[in-house]
Protein chains: 2
Amino acid sequence: MNIKDVAKLAKVSKSTVSRVLNNPERVNAEMRQRVLEVVRETGYRPNALAKELVIKETRLIGVIVPRINTNVFADIVEGITLRLSENGYNVILLCSKADEAIEISHFEFLQKKQVDGIIFFPGNMTLALRKLINTLPTPLIILGLDDPLIKRSVVSYDEYKSSKAIVEHFIRQGHKQIAFIGIDKERSPVGQERKLGYTDALRTHDLPLNIDYIYEGSFELQSGFEGAKHVFSKSVIKPTAVFAATDYLAIGAINYLQSQGLSIPEDVSVAGFDDLEISVFFNPSITSIKFDYFHSGEVAAQFVIENIQEPSIIRKYILGFQIINRDSTSEL
Amino acid sequence: MNIKDVAKLAKVSKSTVSRVLNNPERVNAEMRQRVLEVVRETGYRPNALAKELVIKETRLIGVIVPRINTNVFADIVEGITLRLSENGYNVILLCSKADEAIEISHFEFLQKKQVDGIIFFPGNMTLALRKLINTLPTPLIILGLDDPLIKRSVVSYDEYKSSKAIVEHFIRQGHKQIAFIGIDKERSPVGQERKLGYTDALRTHDLPLNIDYIYEGSFELQSGFEGAKHVFSKSVIKPTAVFAATDYLAIGAINYLQSQGLSIPEDVSVAGFDDLEISVFFNPSITSIKFDYFHSGEVAAQFVIENIQEPSIIRKYILGFQIINRDSTSEL
DNA sequence: TTGAAAGCGCTAACAC
DNA sequence: GTGTTAGCGCTTTCAA
């Protein structure tokens with residue numbers, strides 16, 4: 001069933017059917033009725049491929065993320081999807097596993113598919129990727145990473161500032177021995193930003209940087225456990241506070257510390273990052289940094305729509321954060 | 001830049017360019033080199049819309065889910081996405097908010113977009129939806145709900161059997177006063193299945209059904225708290241065990257019980273459902289039912305691919321479950 | 001207002 | 001092996 005068949009059945013031309021579907025006001029009521037009747041009876045669905053080939057607009061946005069099933073990415077993707085659909089756009093979702101080769105092939109795929117725009121959360125930034133991003137003819141929004149050499153709108157998270165803020169929060173509470181359980185450079189650039197916030201906070205407040213206080217592993221809960229074990233067995237003077245680069249890591253760390261008979265926060269304060277839904281119900285409830293990831297997805301969606309209409313606009317949006325002070329941390 | 005431009009630059013015909021890109025072995029090496037050279041230099045990307053209009057295959061699968069940012073759906077979507085992309089398919093992701101009208105409009109959208117297949121996780125099943133599902137010309141896989149009147153391949157979760165199993169686990173441990181904290185009928189059909197497993201387990205073992213032991217609310221943590229409060233304030237004889245229909249609800253319930261000075265599991269055993277990543281690290285670690293949602297997504301992907309090749313095949317896959325016995329439950 | 005015809009960028013017979 | 005041509009299903013001038 002195509003437009004020609006409908007036209008025949010309604011005894012009108014293809015053009016008229018097309019008009020009824022796209023500019024109904026431009027066709028007189030009687031014919032319009034005839035056509036709509038046929039459309040209803042036959043269940044005719046206009047072929048979007050053919051239409052889009054002509055109008056050069058697919059109303060499709062490509063979304064490239066390293067993963068989907070983590071709180072952060074799932075929130076972002078839902079924010080993007082909902083906001084886009086409010087504006088008549090839909091999402092082709094692509095998972096990159098933070099692998100550059102996959103990312104590049106996704107870009108090629110999306111170009112072929114003629115998407116109207118792309119929202120990209122890079123794993124790591126490389127030369128090849130940066131070049132690709134700067135030369136791609138498609139509207140493109142970068143998520144999570146503000147590279148000065150990239151001329152695109154960006155939605156980023158102030159990993160550095162927020163990390164620094166929570167470490168300074170510890171310092172204000174009188175802590176001087178502060179450990180950091182983070183994420184490997186190789187695994188994510190995010191880990192480095194959060195680490196830098198930590199080291200700079202110490203430096204700013206003239207506290208020594210103790211290499212034994214730093215552990216960098218993976219995102220997994222287990223890595224938080226390992227990290228705390230590492231830090232607390234290695235160091236001579238034990239830390240009084242631990243900044244974990246995610247709430248999962250914080251929970252893992254708390255588990256280790258409690259298994260060693262330490263009380264949180266009486267013996268050690270522990271803070272996390274990302275404020276999981278369960279963090280408030282954990283025992284002790286976890287002090288954390290909260291970003292509204294869902295909203296960042298909405299903003300990215302807004303940006304890409306804006307860029308489709310006005311490609312020259314470059315915006316930078318840095319998502320605000322909150323320190324949520326709970327029972328896992330206390331004054332020294 | 002289109003195929004005609006490339007042809008001109010390479011001094012060959014459009015067909016030759018097309019062949020180089022789709023059946024390179026059918027064109028001699030010299031011309032192939034010339035064409036590939038031009039493609040590389042110009043960065044030409046063939047327009048997939050035009051191609052797909054001819055070959056009638058988009059290699060796109062529509063995925064309709066109620067939400068994205070919950071552990072369950074995020075896992076499913078990632079499973080689908082990864083498995084599909086291994087097979088050269090990609091995903092258009094649509095969020096329905098479990099709203100029938102939105103679901104129906106998504107189906108229409110996907111038909112127009114000429115997707116090769118659809119994977120659909122319905123909110124609730126209605127007459128209109130069932131009819132649509134049975135008549136849609138597109139290969140379609142149903143997720144999460146095995147309706148006897150639907151003639152499609154299905155991937156489902158044995159909510160009933162698993163719920164019954166965990167309640168029977170309680171019964172084997174000597175519990176007789178078992179409460180249920182579930183989810184409103186209106187919110188999700190899943191809630192009812194889990195409740196049925198609960199009531200049937202009691203019935204099977206000749207235990208009385210006490211209406212005061214049942215609370216049905218939302219998915220939220222807070223609802224678990226409220227549920228426990230409700231059950232424990234209302235009942236004369238207090239329950240010795242609580243089956244919560246999700247781990248979030250279990251955590252909420254545990255929080256309430258602990259706030260009342262009760263020890264878990266000494267005073268009350270609490271079991272959850274879905275085995276969140278944090279459940280093992282919670283204090284006490286939570287007894288739960290584990291489904292491999294990621295894998296269910298992979299299976300759905302497999303089914304839809306199979307249906308594209310062989311539309312007549314109808315398969316039913318019921319995902320297995322495991323009871324994970326941890327510290328939140330014990331013998332009476 | 002309506003219809004005829006050209007064209008979007010590609011593939012696939014078919015003839016050479 | 002290569003080019004010519006028709007056609008996929010739609011929109012959009014243009015003329016009537």
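To find a chain, count down the sequence lines: A is the first, B the second, and so on, and within it residues start at 1. The structure displayed is predicted, hence computed values, not measured ones.
Taking atom CG of residue A/Asn22 and atom P of nucleotide D/dC10, one finds them 10 Å apart after rounding to whole Å. In this structure, B/Leu49 places its CG atom 15 Å from C1' of C/dG7, rounding to the nearest Å. Rounding to whole angstrom units, NZ of residue A/Lys51 and C1' of C/dC8 are separated by 14 Å. If you measure from atom NZ of A/Lys113 to atom P of C/dC10, you get 14 Å, rounded to the nearest angstrom. In this structure, the NZ atom of A/Lys4 is 15 Å from the P atom of C/dG3, given to the nearest Å. Taking atom NZ of A/Lys56 as the reference point, atom P of D/dT11 lies 14 Å away to the nearest angstrom. Following rounding to the nearest Å, B/Leu21 (CG) and D/dT2 (P) show an atom-to-atom distance of 15 Å. Spacing between atom CD of A/Glu52 and atom C1' of C/dG9 amounts to 14 Å, rounded to whole angstrom units.
Of the side-chain N and O atoms in B/Asn47, none sit less than 4.0 angstrom from OP1 or OP2 of C/dG9. OP1 or OP2 of C/dT11 sits under 4.0 Å from a side-chain N or O of B/Ser18. For C/dC10, the OP1/OP2 oxygens have no side-chain nitrogen or oxygen of A/Lys112 closer than 4.0 Å. One finds no side-chain N or O of A/Tyr44 lying less than 4.0 angstrom from the OP1 or OP2 phosphate oxygen of D/dG9. The phosphate of D/dT2 has OP1 or OP2 within less than 4.0 Å of a side-chain N or O from B/Asn28.
If you check every strand for non-hydrogen atoms under 4.0 Å, A/Thr16 touches sugar and phosphate atoms only. Using a 4.0 Å heavy-atom criterion, one finds that A/Lys14 contacts the bases of the nucleic acid, with or without backbone contacts as well. Using a 4.0 Å heavy-atom cutoff across all strands shown, A/Ile55 reaches sugar-phosphate atoms only and no base atom.
Put simply, CD1 on A/Ile61 and CG on A/Leu93 are 13.0 Å apart, with the number rounded to the nearest 0.5 Å.
At a cut-off of 3.5 angstrom, the base of D/dT4 holds at least one donor-acceptor pair with the side chain of B/Ser15. Below the 3.5 angstrom threshold, one finds a donor paired with an acceptor across the side chain of B/Arg19 and the base of D/dG3. In this model, no side-chain donor or acceptor of B/Arg32 finds a partner on the base of D/dG1 within 3.5 Å.
Relative ring orientation between B/Phe121 and B/Tyr157 is described as parallel, the plane-to-plane angle staying below 30° on a 0-90° scale split at 30° and 60°.
Comparing A/Met1 and B/Glu25 along DNA chain D, the residue whose closest nucleotide (by nearest heavy atom) sits nearer the 5' end is B/Glu25.
In the model, A/Glu52 has no side-chain atom that pairs as donor or acceptor with a side-chain atom of A/Thr58 under 3.5 Å. No side-chain donor-acceptor contact under 3.5 Å links A/Ser296 and A/Glu298.
Geometrically, A/Arg59 engages A/Tyr89 in a cation-pi contact defined by less than 6.0 Å to the ring centre and at most 45° from the axis.
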